[in-house]
Each structure stands twice: as C-alpha cells, then as structure tokens.
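Here the structure is laid out as structure tokens; the discussion comes afterwards.
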Amino acid sequence: MTMGNALATAWVAVLVLLVQTTLLPHFRPLIGVTPNLVLVLAVYCGLRYPGALGALGIFLLGYFLDTFAGTTLGFHTLGLLLVFAIASLASSTVRTDSGGPLMVVVFAAGCFEAMLAAALFALGIGGTPPWFDVLRYGLGQAAGAALLAPLVLRLVLWGERVFGTG
C-alpha cells in the first residue's frame with residue numbers, strides 16, 4: 001500500500017463514516033434501514049489491502065463507528081474485523097476493479113455480520129432487542145450496502161486518482 005492509497009482510503013473512510021452516521025439515518029423512515037457503508041469499505045480493504053495496515057485501519061474505523069453510532073463499544077469493531085479477515089482470505093480470487101463482484105461479496109459479508117450480530121444479541125451481549133429483528137434489519141443493511149458498493153468503490157478510485165496513485 002502506497003502513501004497515496006492510504007490517504008485516499010482514509011479520506012473515503014472519513015466521508016463514509018460521516019455520511020453513515022449523520023445523513024443516512026434521515027432516510028431510515030423511507031427505506032427501513034440505514035445501509036452499512038463502512039461494511040463496504042471493510043470488504044474493499046480486505047480484498048485490496050489484506051495486510052496488517054488494512055486491519056489496523058478497519059479496527060479504527062469500527063471503533064469510530066461504535067463511538068459515533070452509540071452502540072456497545074466493540075460491537076461493530078468485532079464484526080468489521082471478522083469481515084475484513086474473511087475478505088482478506090478471498091483477496092486472491094475476487095477482483096475489486098468493478099462493482100459487480102464487490103456487490104456480491106459485500107452482500108455475503110453483510111449477511112455474515114447480521115448473523116454475528118443476531119448471535120451476540122441472542123447471547124445478551126449486544127443489548128436487549130430480539131435477535132430475529134436484529135437479523136432481519138441486518139439483512140436489509142446488507143442489501144443496502146451491496147447496492148451502494150459501486151458508489152463507494154468509485155469514491156475510493158477517485159480518491160486514488162486525486163492523490164496520484166490511480
């Protein structure tokens with residue numbers, strides 16, 4: 001990972017975190033869920049930068065998401081790190097230069113994260129909501145994130161061009 005790639009990804013991470021925690025909740029009454037754009041970035045980083053620096057970035061992104069979203073500290077961080085690890089394992093077989101494959105992987109990762117969240121809620125770790133509602137909401141988040149994955153990919157590629165690495 002070059003310095004320009006790291007700066008481009010960090011820029012998009014800040015933008016995605018701000019959009020997800022400030023703007024997208026206003027659309028929740030219309031669409032029923034808040035798409036998890038940070039999940040898209042976790043999958044992208046796992047596929048494109050499967051090393052320790054990518055994992056550190058996703059850890060920080062998950063920590064900030066937990067802090068700004070007001071959830072149990074470590075809840076999103078754990079899910080995003082596991083998604084990153086799984087995407088890292090698939091990094092040699094999945095290409096990230098187009099939106100289609102990324103959409104499929106993001107949806108699968110979102111389903112995995114929804115099952116993990118449901119399991120944590122069922123164990124009483126994540127809070128008090130019923131685990132089935134958490135699973136249903138998580139699957140909606142996965143679908144929304146998959147639909148918006150090409151947009152996030154374009155933002156990252158645009159950022160790499162701006163920083164002179166693309």
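Nothing here was measured: the structure is a model prediction, and the numbers come from that model.
Interatomic distance, Phe64 CZ to Leu17 CG, rounded to the nearest 0.5 Å: 8.0 Å. In this structure, CZ on Arg161 lies 6.5 Å from CG on Leu157, to the nearest 0.5 angstrom. In this structure, CG on Leu148 lies 11.5 Å from CG on Leu39, to the nearest 0.5 angstrom. To the nearest 0.5 Å, the span separating OG on Ser92 from CG on Leu47 amounts to 10.0 Å. Rounding to the nearest 0.5 Å places OG1 of Thr77 at 10.5 Å from CD1 of Ile58. Leu153 contributes atom CG, which lies 10.5 Å from atom CG of Leu41 (distance to the nearest 0.5 angstrom).
Asp66 and Gly74 make their closest contact through OD2-N, 2.8 Å (heavy atoms, listed as atom of the first residue, atom of the second, distance). Residues Gly159 and Ala8 approach most closely at C-CB, 3.4 Å, considering heavy atoms. Shown here for Leu80 and Ala42, the closest heavy-atom pair between the two residues is CD2-CB, 3.9 Å. When all heavy atoms are compared, the tightest approach of Thr22 to His26 is O-CD2, 3.1 Å. Residues Leu155 and Trp11 share a closest heavy-atom pair of O-CZ3, 4.0 Å. Leu37 approaches Gln20 most closely through the heavy-atom pair N-OE1, 2.9 Å.
If you chain together hydrophobic residues whose side chains sit under 4.5 Å apart, Leu61 and Leu7 fall into the same group. If you chain together hydrophobic residues whose side chains sit under 4.5 Å apart, Val156 and Val162 fall into the same group. A continuous path of hydrophobic side-chain contacts links Trp158 to Val19 [ILVMFWY only; heavy atoms under 4.5 Å]. Cluster annotation: Leu24 is connected to Phe68 through the hydrophobic network of ILVMFWY side chains, with a link wherever side-chain heavy atoms come within less than 4.5 Å. In this structure, Leu18 is not a member of the same hydrophobic cluster as Leu23, with clusters built from ILVMFWY side-chain heavy atoms closer than 4.5 Å.
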Let me see the working for Tyr44 and Val152 under side-chain contact (heavy atoms from CB on, under 4.5 Å), right down to the final yes or no.
-> CA-CA 9 Å; Tyr44 174 79; Val152 175; over 6 Å; no
Decide yes or no on side-chain contact (heavy atoms from CB on, under 4.5 Å) for Phe84 and Phe59, but give the supporting numbers first.
-> CA-CA 9 Å; Phe84 174 84; Phe59 172 80; over 6 Å; no
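Within a 6.0 Å sphere centred on CZ of Phe112, heavy atoms belonging to other residues, nucleotides or ligands number more than 12.
Side chains of Pro150 and Leu102 form no contact here, defined as non-hydrogen atoms less than 4.5 Å apart. Looking at Val104 and Phe107, their side chains never come closer than 4.5 Å, going by heavy atoms from C-beta outward. In this structure, Pro35 and Leu147 have side chains that are not in contact, with every pair of non-hydrogen atoms separated by 4.5 Å or more.
Judged by distance alone, with hydrogens and angles left aside, the side-chain atoms of Thr9 form no donor-acceptor pair with the main-chain N or O of Ala6 at under 3.5 Å.
Evaluated for a side chain to side chain contact (heavy atoms under 4.5 Å, CB included) with Asn36, the options Val40, Val33, Val38 yield exactly one hit, Val38.
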